[in-house]
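Below, read A as the first sequence line, B as the second, and so on, with proteins coming before strands; counting in each chain starts at 1.
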Amino acid sequence: MVIAPRGTKDLLPGEVEKWQFIEWVARDICETYGFKEIRTPIFEYTELFLRGIGDATDIVQKEMYTFDDRGGRSITLRPEGTAAVVRAYIEHHLDAQPQPVKLYCLGPMFRYDRPQAGRFRQFHQMDFETFGSHDPAVDAEIISCTWDYLTSLGLTGLHIELNSVGCPDCRPGFTTALKEYFRPRLDSLCGNCQVRLEQNPLRLLDCKVPQCRELGAGAPAITDHLCEACSAHFEKVQQYLRLLEIPFHLNPGLVRGLDYYTHTAFEVTVEGLGAQSSVAGGGRYNNLVEDCGGPPVPGIGAAIGLERVLLALEHQQIELPIPSAGLVFVATTEALSDPLEGAALTLLMELRRSGYAAEKDYAGRSLKAQMKQAGRLGARWCVIIGPEELDGHKVLLRDMSQGTQVSVPRQELLELLGRMQNGEAE
RNA sequence: GUGGGUGUAGCUCAGUUGGAUAGAGCACCAGGUUGUGGCCCUGGGGGUCGUGGGUUCGAGCCCCAUCAUCCACCCCA
């Protein structure tokens, strides 16, 4: 038997409603913040991610779904959203529009990781990006949007970690200082960090091995090495966040896994998610557009992991306000009798064309079984038609939650339903 | 890529030191009123015990391999 590929899953009815809801809230918040939706392809030329994400990153080195298409071009399923949005921004000359340009994007991403709690090979993110502004208020806005989304769903136990990773002017000085600090202590580092020292020294600060942590505590902090511009920008971001009453913790060790970040980097974690506790993350990327072949336009963005949002909601036992359909079930006393079947079908059609969710039995079930089915489907009303009703041009309208029913003239059914819908009838 | 746990009906699991037709609850189907659901009762369908080898008189139980899945490392959403 063929099953869904590893790290992917089917979203069945019952689960999908939750997705629809959190996606609806996501769109709503984004629109409120002035972001416009953009939809980019799910696959891109591999080169885009090599240049955009950075070929030294784990994503590029071991997590991409890459293959050659029939034309021999290397294609990659998008592992994150920003690179494609940046590409579209450049390709469609959005820099010619009034800046800033604010875009959001919702959809699946793909990474060839080993699945575990909160980690999948196909997962879903909401991304939002602002192009064309250096204003630290925009940084605060991105973080604020992330925060509003997560809290508006009712999540608690959220922590924002904030850092500045500097810019090309000041970061080299810092990494040099880091290397100088760690090099004499190389033997005390874990194997991973010994490699990191040369490849990506910033990551040393993020290591979870206790020994490395101890050493890291005495290491130089990036905040002490920021250039004047970075430092001022970082101060402003914090100032605005305080103004907006958005709680955050400074974490000089926060380094994100994508190479393109400059200045602001942040991550939101939520309690109770297991090892993969981060639900959202983002930062500024002032050189990415240019690095991808576009004009020198600054940008900043964030991504929210929707699977993790749902996991957190579930863990915190938060009930989402998902509306029920108000289904009308049409039942007949003799399922296979022709006149009844016809009456049921026309009524069903009439109900649907009037905007009611309506259903009937197609399995030739007894009335009893049809009622049971109606109950299972969560029907709010059941319309019952039998020979008596047919002769008298009437139907029985049963309120499934009350267990009461009335006989009404066939012609008045829709009107009565309409009044009951509005709570005007008893 | 590395490590650990788990794999018995659609779902959640039980199955004793290996022993005779593999069980329960839920779900599903049908009855318990002659035209009626949600509770209750009765009956029914459904399993090559992940797969392939091996040990044994005999394996769901033991051994090996393999696959899947979960959790963790790593990394990130």
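- Across residues 266-276 of chain A, A:Gly274, A:Ala275, A:Gln276 each have a non-hydrogen atom less than 4.0 Å from an atom of RNA chain B (numbered order).
- Across B:rU21 and B:rU55, the matching C1' atoms stand 26 Å from one another, rounded to whole Å.
- Across the P atoms, B:rU8 and B:rU12 are found 9 Å apart, a figure rounded to whole Å.
- Nucleotide B:rU69 is matched to B:rG5 when pairs are restricted to Watson-Crick or G-U wobble geometry with both distances under 3.5 angstrom.
- Not one side-chain nitrogen or oxygen of A:Arg114 sits closer than 4.0 Å to the OP1 or OP2 atom of B:rG1.
- Comparing the C1' positions of B:rG46 and B:rG37 gives an interatomic distance of 25 Å, to the nearest angstrom.
- In this structure, A:Arg119 CZ and A:Asp113 CG are separated by 4.0 Å, a value rounded to the nearest 0.5 Å.
- Pair assignment for B:rU12: B:rA24, on the basis of Watson-Crick or G-U wobble contacts that are both within less than 3.5 Å.
- A:His393 and A:Gln411 share no donor-acceptor pair across their side chains, judged by distance under 3.5 Å alone.
- Rounded to a whole angstrom, the distance from the P atom of B:rG52 to that of B:rG60 is 13 Å.
- Cation-pi geometry between A:Arg284 and A:Tyr261 is not met: the NZ or CZ atom fails to fall both under 6.0 Å from the ring centre and inside 45° of the normal.
- Between the side chain of A:Arg119 and the base of B:rC74 there is at least one donor-acceptor pair of N/O atoms closer than 3.5 Å.
- For B:rG3 and B:rU56, the C1' atoms lie 33 Å apart once the distance is rounded to whole Å.
- Remark: B:rG47 base-pairs with no nucleotide; criterion is Watson-Crick or G-U wobble with both hydrogen-bond distances under 3.5 Å.
- The CD1 atom of A:Ile38 lies 13.0 Å from the CG atom of A:Leu106; values are rounded to the nearest 0.5 Å.
- For B:rA59, there is no paired nucleotide, since no Watson-Crick or G-U wobble pair has both relevant distances below 3.5 Å.
- In terms of position along RNA chain B, the nucleotide closest to A:Ala4 lies nearer the 5' end than the nucleotide closest to the other residue of the pair A:Ala4 and A:Ile59.
- Proximity of A:Val309 to A:Ile304: side-chain heavy atoms (C-beta onward) are separated by under 4.5 Å at one or more points.
- When side chains are defined from C-beta on, A:Ile42 does not count as touching A:Met109, because their heavy atoms never get closer than 4.5 Å.
- With a 3.5 Å ceiling on both atom-pair distances, B:rG38 lacks any Watson-Crick or G-U wobble partner.
- Using a 4.0 Å heavy-atom cutoff across all strands shown, A:Phe120 reaches at least one base atom of the nucleic acid.
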**Report entry** Nucleotide-resolved protein contact map, nucleotides 33-40 of chain B, B/S/- at heavy-atom distance under 4.0 Å
**Finding:** --BBBB--
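- The interatomic distance linking A:Asp361 (CG) with B:rC29 (P) rounds to 10 Å, in whole Å.
- Nucleotides B:rC62 and B:rU42, compared at atom C1', are 42 Å apart to the nearest Å.
- For the pair A:Pro5 and A:Lys62, both in contact range of RNA chain B, the more 5′-proximal nearest nucleotide belongs to A:Pro5.
- The gap from the P atom of B:rG19 to that of B:rG31 amounts to 41 Å, rounded to the nearest Å.
- Rounded to whole angstrom, the span from the CZ atom of A:Arg6 across to the P atom of B:rG7 amounts to 17 Å.
- With rounding to the nearest 0.5 angstrom, the CZ atom of A:Arg121 is 4.0 Å from the OH atom of A:Tyr112.
- A donor-acceptor pair shorter than 3.5 Å can be found between the side chains of A:Glu129 and A:Tyr285.
- Using P as the reference atom, B:rC11 and B:rC70 are 14 Å apart when rounded to the nearest Å.
- Of the side-chain N and O atoms in A:Gln116, one or more sit less than 4.0 angstrom from OP1 or OP2 of B:rA72.
- Side chains of A:Tyr240 and A:Glu141: no donor on one and acceptor on the other come within 3.5 Å.
- Counting heavy atoms from C-beta on, the side chains of A:Arg410 and A:Leu347 come closer than 4.5 Å.
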